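Comments concern the structure below.
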Amino acid sequence: SYRPVHQASVMNASRYNHDSFYRAAADSALRAVTNPTCSPFGLPAEKYEAWKTIVVRFDPREVL
């Protein structure tokens, strides 16, 4: 069965707390990852150990 994202967080908390542009981009990325229409991702349950922790690197410079 499919499951939604359980937890998502910003790894660079210091920059998040001090850089408003970074915070806006990070908040947008978090909303995208946790959006119910984008989740579940359809990852196979039998391979849970391989994908239980996924690091997504979001670089807003790449979307310009």
Side-chain angles (χ1 to χ4, degrees):
S1 68
Y2 298 122
R3 296 184 180 179
V5 172
H6 177 68
Q7 178 183 5
S9 62
V10 176
M11 307 252 331
N12 191 336
S14 177
R15 186 168 178 195
Y16 181 87
N17 291 328
H18 295 99
D19 182 338
S20 62
F21 294 108
Y22 181 85
R23 184 172 40 256
D27 287 343
S28 180
L30 285 172
R31 281 191 303 275
V33 169
T34 58
N35 184 326
T37 61
C38 299
S39 187
F41 290 103
L43 299 169
E46 66 274 7
K47 298 200 181 228
Y48 174 74
E49 286 302 314
W51 59 257
K52 70 180 176 181
T53 300
I54 298 173
V55 176
V56 177
R57 297 193 189 286
F58 177 78
D59 187 344
R61 294 174 296 185
E62 295 179 11
V63 297
L64 295 176

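A quick note: this is a predicted structure, and the numbers were derived from the prediction, not measured. Position 1 is the first residue of the sequence; numbering continues from there.
- In this structure, Glu46 has no salt bridge (charged side-chain N to carboxylate O under 4.0 Å, His left out) partners at least two apart in sequence or on a different chain.
- The side chain to side chain contact (heavy atoms under 4.5 Å, CB included) search around Thr53 returns none, not counting sequence neighbours.
- Judged as a side-chain hydrogen bond (donor to acceptor under 3.5 Å, both in side chains), and not counting sequence neighbours, the contacts of Asp19 are Arg15.
- By the side chain to side chain contact (heavy atoms under 4.5 Å, CB included) test, Ala8 pairs with Val5, Leu30, Val33, Thr34, sequence neighbours left out.
- Summarising the geometry of His18 relative to Arg23, their closest heavy-atom pair is N-NH1, 4.2 Å, with the distance given to 0.1 Å.
- Annotation: side-chain hydrogen bond (donor to acceptor under 3.5 Å, both in side chains) contacts of Tyr22 (sequence neighbours excluded): none.
- The hydrophobic clustering, which links ILVMFWY residues whose side-chain heavy atoms are closer than 4.5 Å, places Val56 and Trp51 together.
- For Asn17, there are no side-chain hydrogen bond (donor to acceptor under 3.5 Å, both in side chains) partners two or more places apart in sequence or in a different chain.
- Residue Phe21 is found outside any hydrophobic cluster, as its side-chain heavy atoms come under 4.5 Å of no other Ile, Leu, Val, Met, Phe, Trp or Tyr.
- The side-chain hydrogen bond (donor to acceptor under 3.5 Å, both in side chains) test applied to Lys52 returns Glu49, not counting sequence neighbours.
- Among residues at least two apart or in separate chains, there is no salt bridge (Lys or Arg N to Asp or Glu O under 4.0 Å) pair with a member in residues 24-36.
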